[in-house]
Amino acid sequence: MKKDPGSKASSKGKLKASNAKVEDLSKNLEGTDDGYLSTNQGLPINDNQNSLKAGERGPSLLEDFILREKITHFDHERIPERIVHARGSGAHGVFQVYESMAKYTRAGFLQDPAVETPVFVRFSTVAGSRGSTDLARDVRGFAVKFYTEEGNFDLVGNNMPVFFIQDAMKFPDLIHAVKPEPHNEIPQAASAHDTFWDFISLTPESAHMIMWVMSDRAIPRSLRMMEGFGIHTFRLINQKGVSHFVKFHWKPLLGMHSVLWDEALRISGCDPDFHRRDLWEAIENGDFPEWELGFQIIPEKDEHKYDFDLLDPTKLVPEDLVPVQRIGKMTLNRNPDNFFAEVEQVAFHPGHLVPGIDFTNDPLLQGRLFSYTDTQLIRLGGPNFHEIPINRPVAPLHNHQRDGHMRQMISPGRVAYEPNSLNGNAPLQAPAKAGGFVSYAERVDGAKLRAKSPSFSDHFSQAAMFYHSQSPVELKHIVHALRFELGKCDTPHVRERMLFVLSQIDEGLASDVAQGLGIKVPTKIDGPLNLAVGADAKPGEQQPKKFTGKAFISKALSMLTTVPGDVKTRKVAALVADGFDDSGLAAMKKSLTAAGAMLKVVGPRGGTLKSSSGKEVPVDFALPTTASVLFDAVYVCGGEASTNALSQIPKAVEFVEEAFKHCKAIAATGSGIDFLQQTRVDTLPGDKPAKEKVVSNSGGVVTGADSAASKVAAAFIEVLGQHRVWEREDAVS
Ligand code: HDD
């Protein structure tokens with residue numbers, strides 16, 4: 001029988017592109033598929049269909065150790081899902097620094113541009129369960145494990161540069177509030193419910209993050225098209241012991257793009273694995289996703305230079321004040337061989353550091369340093385999770401830690417302590433010069449107290465900065481998102497209080513949201529604005545200041561300022577039926593492929609389709625099983641018989657109309673234009689496709705004669721490069 005290309009044998013082939021981690025993982029790849037089926041003890045199995053019975057119709061026997069082993073293993077296949085970030089997708093890759101960063105850090109993997117450091121990345125949503133949709137409105141986790149020669153360095157970040165809360169003490173409350181409500185486990189993977197907004201409306205420090213989560217950043221087009229951030233301020237320490245503060249950034253080379261909320265809702269039904277599939281397919285196709293690692297470097301002397309505190313994780317350092325230096329590139333070039341073994345079992349920890357990188361006193365980061373090991377103990381079953389292949393470092397590991405559940409390493413000899421004379425005191429402690437980790441000797445003294453620095457008390461200025469830095473389209477989407485979310489919130493006083501919080505950022509924003517909800521923005525609320533304070537908090541802490549004045553505008557905060565204009569890896573649907581014009585389809589395919597995009601044939605059914613001249617093309621997707629929300633743009637190919645047939649299929653008409661509604665680029669050649677004229681694409685003022693058969697671009701609908709397909713393609717590619725035709729949005733939504 002032929003082997004499935006996803007089988008272990010073929011994966012082993014894939015592993016040939018070698019680096020230290022690939023070689024390390026290959027030790028654990030199950031051998032070949034040759035040989036007989038066996039038990040876990042290696043006993044060849046003769047009958048894997050029938051249990052052992054007392055007679056053909058008799059009861060099964062307890063003696064059947066083969067049945068018991070199989071069922072027992074199956075019964076234990078699941079481990080607890082992550083309490084947050086349960087839904088995730090991962091990939092392997094490499095990182096290379098562009099030039100030595102020795103000036104700032106002694107970290108080995110940031111010294112030599114010739115060195116390729118293996119990485120494993122896991123992207124995730126936060127609130128949903130393992131099986132939830134990829135398209136939830138949510139923060140995306142962006143966790144990178146660098147397998148460096150000095151040990152593993154984990155950069156456990158998100159796709160937004162700030163966080164909801166300032167202190168880890170409040171993390172369980174935040175997560176309890178956003179997760180499905182505990183009495184009925186509703187809703188799944190959604191923040192649009194009462195408990196979330198109750199908590200947020202009482203915790204004004206979340207205002208800045210709320211702006212991000214209500215923006216289009218929370219519904220990315222692809223995991224390959226989003227930024228990543230380390231969020232906290234970290235330290236870089238160089239060979240001389242000099243420390244600089246640093247903020248880590250990941251900049252996607254494909255630019256940043258999102259989907260519309262209406263699309264996200266549809267995609268969740270059509271393909272809940274949309275992001276996971278997109279990442280997987282891009283890597284399989286050789287379209288390796290790439291990000292540049294960015295540093296925002298702040299000298300120690302500038303610690304108090306800004307009107308926010310560098311230790312406050314609800315604040316970002318505007319790129320206008322401290323530019324991001326792009327210092328290296330990460331390329332994801334290999335899909336996992338086994339989802340569970342790699343993506344599910346990978347264990348990240350912000351405390352996995354290498355010499356040359358260190359923490360700051362950000363109270364959110366400090367709490368995280370406890371949480372991540374603790375969670376792996378329950379999730380992965382014990383203290384030996386570092387031995388799981390995906391987690392083990394490529395750097396040598398020697399210590400006296402021993403035993404525990406599922407210990408894999410066999411540590412010989414009788415010496416399991418230090419100091420020792422029986423084994424020459426080995427393994428020896430490493431002097432700093434030889435790579436031993438030495439914590440940065442920051443001077444710390446102070447009274448023991450539960451308190452928050454007054455420098456953490458401005459909650460609205462950066463929320464206003466984010467809001468006012470958006471383009472009009474993005475701004476409108478934030479208002480609509482808030483209307484949706486608060487509209488799903490049933491408790492009137494929670495909605496009203498939240499409107500009041502929004503009015504502290506911007507009164508216009510609050511009244512726009514209120515208008516959509518059909519209620520008024522309250523002019524005052526009973527009691528303090530901030531209830532996320534200790535019982536004996538000072539009155540100042542309870543009344544954070546409303547933002548007034550002119551907001552700081554930071555260009556980098558709008559995704560639209562970063563549209564790169566190229567169409568690499570974009571997926572375009574060609575609507576085609578029997579009798580299509582093959583010259584038009586071929587010309588369109590040639591141009592799109594040359595620009596790095598993909599043309600997929602969408603037909604009324606599967607199999608192949610015949611052109612008017614008798615040529616056959618295979619159908620990539622059949623209309624009943626796909627939808628235009630799964631594509632970036634649509635081309636309606638010419639050919640009378642083809643377009644006549646398509647116009648009789650409601651799903652074909654809906655396909656184009658939906659793409660139009662979602663502001664996507666649309667192209668048609670020849671009789672494809674007649675097809676468009678029977679759809680809603682033609683009913684909107686100003687967007688009528690040209691009936692004459694010359695190339696025309698009317699509001700992102702590009703049309704032309706069959707013979708002009710290459711020219712149509714060129715104009716179509718230009719529209720596609722803008723991602724969306726936003727001018728159309730008001731007319732269609
Ligand atoms: Fe966390 C997982 C990112 C605050 C406790 N976190 C987790 C993951 C990411 C982040 C990307 C998934 C890792 C993976 O793919 O396995 N977390 C963040 C960021 C935060 C943050 C960027 C704030 C800046 N987290 C945070 C706090 C706490 C935690 C304040 C607790 C005090 N996070 C966890 C955890 C998780 C986790 C419970 C769940 C699964 C895991 O660790 O391995 O320990």
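When a ligand or atom number is given, it counts from 1 through the structure's own listing order.
A salt bridge links Glu344 and Arg82; the closest N-O separation between the charged side-chain nitrogens and carboxylate oxygens is under 4.0 Å. Salt bridge status for Glu227 with Arg217: present, with a side-chain N to carboxylate O gap under 4.0 Å. Ion pairing between a basic and an acidic side chain is recognised when a charged N comes within 4.0 Å of a carboxylate O; Arg326 and Glu319 show no such pairing.
The ring of Trp280 has its center no closer than 6.0 angstrom to the ring center of Phe123. Between Phe234 and Phe245, the ring centre distance reaches or exceeds 6.0 Å. Ring centers of Phe466 and Trp212: under 6.0 Å apart, within the cut-off. Ring centers of Phe146 and Phe153: under 6.0 Å apart, within the cut-off.
The number of heavy-atom neighbours closer than 6.0 Å to CZ of Phe370, taken from other residues, nucleotides and ligands shown, is 12 or below.
Heavy atoms from both the backbone and the side chain of Val156 come within less than 4.0 Å of ligand 1. Both the backbone and the side chain of Val84 come within contact range of ligand 1, each with a heavy atom under 4.0 Å.
Looking at atom 13 (C) of ligand 1, its nearest protein heavy atom turns out to be Phe348 CD1, 3.8 Å. The single protein non-hydrogen atom nearest to atom 41 (C) of ligand 1 is Thr375 CG2, 3.4 Å, given as residue, atom name and distance. Of all protein heavy atoms, the one lying nearest to atom 29 (C) of ligand 1 is Phe171 CE2, 3.3 Å. The protein heavy atom nearest to atom 15 (O) of ligand 1 is Arg122 NH1, 2.7 Å.
Each of the atoms 11 (C) of ligand 1 lies under 4.0 Å from some heavy atom of Gly141. Shown in contact with Leu364 at under 4.0 Å from a heavy atom are these atoms of ligand 1, numbered in order with element: 23 (C), 24 (C), 30 (C). Atoms of ligand 1 lying under 4.0 Å from at least one heavy atom of Gly157, given by number and element, are 11 (C), 22 (C).
In summary, the side chains of Thr360 and Arg235 do not present any donor paired with an acceptor at a separation below 3.5 Å, with no hydrogens or angles considered.
Taking each of Val346, Thr314, Ile83, Leu380 in turn, the one with a heavy atom nearest to atom 38 (C) of ligand 1 proves to be Ile83. With distances taken over non-hydrogen atoms, the option nearest atom 16 (O) of ligand 1 out of His85, Arg82, Arg368, Met209 is Arg82. Considering each of His232, Met160, Gln376, Gln166, the one bringing a non-hydrogen atom nearest atom 24 (C) of ligand 1 is His232. Closest heavy-atom approach to atom 35 (C) of ligand 1 within the set Pro350, Ser371, Ala143, Pro172: this belongs to Ser371. Between the choices Phe123, Tyr372, Phe370, the shortest heavy-atom distance to atom 17 (N) of ligand 1 belongs to Tyr372.
Glu290 CD to Leu332 CG: the interatomic distance, rounded to the nearest 0.5 Å, is 9.0 Å.
Under the 4.0 angstrom criterion for non-hydrogen atoms, His349 is not in contact with ligand 1.
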